[in-house]
Every structure is written in C-alpha cells, then in structure tokens.
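Okay, structure first, notes after.
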Amino acid sequence: MQEQAKWLTLFVNRYLGSVAIALLHALHIRPSHPDLPIPEHVVMSLVVFMIAALGTLWLRPRLSVDNPGGAQQMAELLITNPVGFGIRDVLVENAHDKKGKYVAMVGSVAVFILLSNILSVFPAFSAPTSAVPVPLGCAIVTFLYFNWQGIRHHGPGGYLKHFAGPVWWLAPLMFPVEIISTSARLLSLTVRLWANIFASDLLYVIFLGLLVGPATWGWSKTPVLGVALGIFPALIPIAFIGLHIFVAIIQTYVFALLPAIYIGIATADEH
C-alpha cells in the first residue's frame with residue numbers, strides 16, 4: 001500500500017522539496033531522507049486536508065433547513081444520529097456537553113481521522129494514519145485539549161488537586177499514579193489507531209500477494225487455469241475494502257469516544 005502512493009510523494013517533493021529542505025535547515029533539522037524531505041504521510045495528510053476543505057466549501061452553500069440534500073444528511077449523521085453513534089451524541093453522553101462546545105474540536109479530529117483511514121481504499125493513495133507520526137499528532141492535540149479543558153474548568157490549582165483524589169491521606173500515592181495514568185493516554189491513543197490501520201493495510205497486501213501467486217503460476221501453464229485461479233483473488237480486494245472501511249469507521253468512533261471520556265473526567269466536579 002505504501003508503494004502505490006509513491007508517485008504523488010515524488011511529485012510533491014520535486015516541486016516543493018527544495019522549500020522543505022530550506023525550512024528544515026533554517027530550523028537546524030537534518031532530514032533523514034534528503035531526496036524525499038517531505039515524507040509520504042505528510043503528503044497524504046495534506047491530501048486529506050484538501051479533501052476536507054474542498055468538501056466543506058462545496059457543502060456550505062448547499063445547507064438547507066427546509067430541503068436538506070443527501071450530502072447534508074450524511075454530514076449530519078456524523079454529528080448526531082438515531083443510534084447515538086454521532087460525535088455530539090458521544091460528547092453529550094460522556095462529557096455532558098449539551099451545549100456542543102467540544103464538538104468543533106473533537107469533530108475536526110474525528111473527521112480528519114475518518115478521511116485519513118479511508119484514503120487508502122483508493123489505489124492512488126495511502127492512509128496517513130498508518131504512519132506513527134500522524135496518530136501521534138492527533139493524540140497530542142487531543143491530550144493537550146482535554147487537559148486544557150480541565151484547567152479551564154477547575155483552574156490550575158484545582159486541576160492539579162483533581163489528580164490527588166478525594167482522600168487526603170492517599171494523595172501522595174494517588175497523585176503520581178493519576179499523572180502516569182493520564183500521560184499513558186497519549187500512548188494508548190497513538191498505538192490503538194496506528195496499529196489497527198497499519199494491520200488492516202498489511203493484511204490486505206499479504207492476502208492479495210498470497211492469492212495472486214497461484215493465479216500467476218496457473219497463467220504460466222495455461223490461460224484457462226490462470227483465469228480459473230484468478231477469479232477468487234479478484235474478489236478478495238472487495239472483501240478487504242469492506243473490512244478496511246469498517247475498521248476505519250470503528251477507529252474513528254473510538255478516537256471520538258475516548259476524548260469525550262477524557263474530557264468528562266477532566267471536567268468532572270467529583271473524582
């Protein structure tokens with residue numbers, strides 16, 4: 001899956017690589033691959049941003065209260081839906097966000113992750129979330145955001161006291177445990193998203209490679225045998241595309257659910 005998007009990475013580096021190298025040198029950073037200073041996951045992330053921006057610009061003038069179109073209805077299902085699977089539904093249930101003040105931030109990260117996860121379904125692209133830096137960046141943004149909301153709600157001193165627990169004599173034990181537990185959320189958010197998307201892409205490539213081999217061998221013997229052995233492999237991509245889309249949606253939901261839980265914990269008045 002990584003090789004299929006190489007053409008776009010090479011194209012971007014051909015025209016913008018010198019600019020990236022100059023910027024990195026100005027920051028005293030030496031690129032690990034001087035021939036490709038803009039990594040593939042960065043290029044794919046920019047593609048996702050462009051898709052999201054263009055989709056928003058296209059949808060915004062078409063929004064209607066009286067006559068919503070199909071695209072608007074699908075977008076609204078991302079926010080709220082009858083099964084409680086939407087971003088706002090998750091925030092209301094876990095962060096008690098009835099006013100929707102967290103929807104913009106959590107929703108932006110969730111939409112970016114959803115588009116990133118699904119991007120590799122298209123042959124010319126790869127999923128940026130299959131590279132560790134992208135899930136790590138999303139996790140860092142989420143980590144800073146829910147802690148900032150906790151500080152805003154309780155104040156700096158009150159938020160630190162929040163980690164000590166309600167029993168004062170257990171505070172010396174609870175404080176470091178809570179700090180470590182909260183910091184570990186950064187790792188868990190990163191690894192969970194990266195591992196699932198990477199595994200989904202890898203599984204597709206492995207099975208496709210295993211099934212294409214017999215078809216190639218059969219074709220070398222006789223075209224009839226090659227076609228017969230190639231029918232089943234031809235159906236495998238469809239099954240794995242469906243599986244990949246399912247994994248992409250589930251991981252997006254998880255990455256919206258966990259920040260909602262963390263915001264709820266950070267802003268809770270009782271711990």
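What you see below is based on every heavy atom in this structure, not just the backbone, and it leaves out hydrogens, waters and symmetry mates. All of these numbers come straight from a predicted model, not from anything done at the bench.
- Under the side-chain contact (heavy atoms from CB on, under 4.5 Å) criterion, Val254 pairs with Arg192, Ile250, Leu258, not counting sequence neighbours.
- Pairs of residues two or more places apart, or lying in two chains, that qualify as side chain to side chain donor-acceptor pair (under 3.5 Å) and include a residue from residues 241-258 are Ser120-His244, Ser200-His244.
- Hydrophobic clustering, defined by side-chain heavy atoms of Ile, Leu, Val, Met, Phe, Trp and Tyr closer than 4.5 Å, groups Val191 together with Leu187.
- The hydrophobic cluster analysis finds Leu54 isolated: no Ile, Leu, Val, Met, Phe, Trp or Tyr side chain comes under 4.5 Å of it, directly or through other members.
- Grouping Ile, Leu, Val, Met, Phe, Trp and Tyr residues whose side-chain heavy atoms lie under 4.5 Å apart, directly or via other members, places Trp58 in a hydrophobic cluster with Leu59, Leu63.
- For Ile197 against Ala248, the heavy-atom pair with the smallest separation is CD1-CA, 4.5 Å.
- For the side chain to side chain donor-acceptor pair (under 3.5 Å) condition, no pair includes a residue of residues 12-22, sequence neighbours left out.
- Ser188 contributes a side-chain N or O that, together with a main-chain N or O of Arg185, makes up a donor-acceptor pair within less than 3.5 Å.
- Residue pairs meeting the side chain to side chain donor-acceptor pair (under 3.5 Å) criterion with at least one partner in residues 92-114, sequence neighbours excluded, do not occur; the list is empty.
- Remark: the backbone N or O of Ile265 is paired with a side-chain donor or acceptor of His162 at under 3.5 angstrom.
- Residue Val111 is grouped with residue Val106 when hydrophobic side chains (ILVMFWY) are merged at heavy-atom distances under 4.5 angstrom, including chains of intermediate members.
- Side chains of Leu114 and Ile249 form a contact here, defined as non-hydrogen atoms less than 4.5 Å apart.
- At a threshold of 4.5 Å between side-chain heavy atoms, the hydrophobic network of Ile, Leu, Val, Met, Phe, Trp and Tyr places Ile113 and Leu119 in one connected group.
- Below 30°, between 30° and 60°, or above 60°: for Phe198 and Trp194 the angle between ring planes is below 30°, a parallel geometry.
- Between Leu91 and Ile87 there is a side-chain heavy-atom pair separated by less than 4.5 Å.
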Under 3.5 Å, sequence neighbours excluded: what are the donor-acceptor pairs made by side chains of residues 131-153?
| from | atom 1 | to | atom 2 | distance (Å) |
| --- | --- | --- | --- | --- |
| Thr142 | OG1 | Cys138 | O | 2.9 |
| Tyr145 | OH | Gln149 | NE2 | 3.4 |
| Asn147 | OD1 | Tyr159 | OH | 2.6 |
| Asn147 | ND2 | Phe143 | O | 2.8 |
| His153 | NE2 | Thr267 | O | 3.0 |
| His153 | NE2 | Asp269 | OD1 | 2.8 |

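- Between the Ser183 side chain and the Ile179 main chain, a donor and an acceptor come within less than 3.5 Å of each other.
- With sequence neighbours left out, the side-chain contact (heavy atoms from CB on, under 4.5 Å) criterion links Val43 to Leu8, Thr9, Val12, Ile38.
- A 4.5 Å side-chain heavy-atom check between Phe255 and Asn117 finds every atom pair outside the cut-off.
- A distance of 11.5 Å separates OG in Ser45 from CG in Leu115, rounded to the nearest 0.5 Å.
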List the steps and the verdict of side-chain contact (heavy atoms from CB on, under 4.5 Å) for Phe125 and Met44. CA-CA 7 Å; Phe125 303 97; Met44 293 299 111; 4.0 Å; yes
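- Scanning both residues, Ala256 and Val90, for their nearest heavy atoms gives O-CG1, 3.8 Å.
- Linking ILVMFWY residues whenever their side-chain heavy atoms come closer than 4.5 Å, directly or via other members, leaves Leu23 and Leu16 in distinct clusters.
- Ala52 and Thr56 make their closest contact through O-OG1, 2.8 Å (heavy atoms, listed as atom of the first residue, atom of the second, distance).
- Every residue two or more places apart in sequence or in another chain that forms a side-chain contact (heavy atoms from CB on, under 4.5 Å) with Ile21 is listed here: His25, Pro37.
- Taking both residues in full, the closest heavy atoms of Ala268 and His154 are given as O-CE1, 2.9 Å, listed atom of the first, atom of the second, then distance.
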Contacts under 3.5 angstrom, residues 69-83 side chains, donor-acceptor by atom type, not counting sequence neighbours:
| from | atom 1 | to | atom 2 | distance (Å) |
| --- | --- | --- | --- | --- |
| Gln72 | OE1 | Ser64 | N | 2.8 |
| Gln72 | NE2 | Ser64 | O | 3.0 |
| Gln72 | NE2 | Glu76 | OE2 | 2.9 |
| Gln73 | NE2 | Pro68 | O | 3.2 |
| Thr80 | OG1 | Asp89 | OD1 | 2.8 |
| Thr80 | OG1 | Asp89 | OD2 | 3.4 |
| Asn81 | OD1 | Val83 | N | 3.3 |
| Asn81 | OD1 | Gly84 | N | 3.1 |
| Asn81 | OD1 | Phe85 | N | 2.8 |
| Asn81 | ND2 | Leu77 | O | 2.8 |

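- Scored by the side chain to side chain donor-acceptor pair (under 3.5 Å) test, Ser116 finds no partners at all (sequence neighbours excluded).
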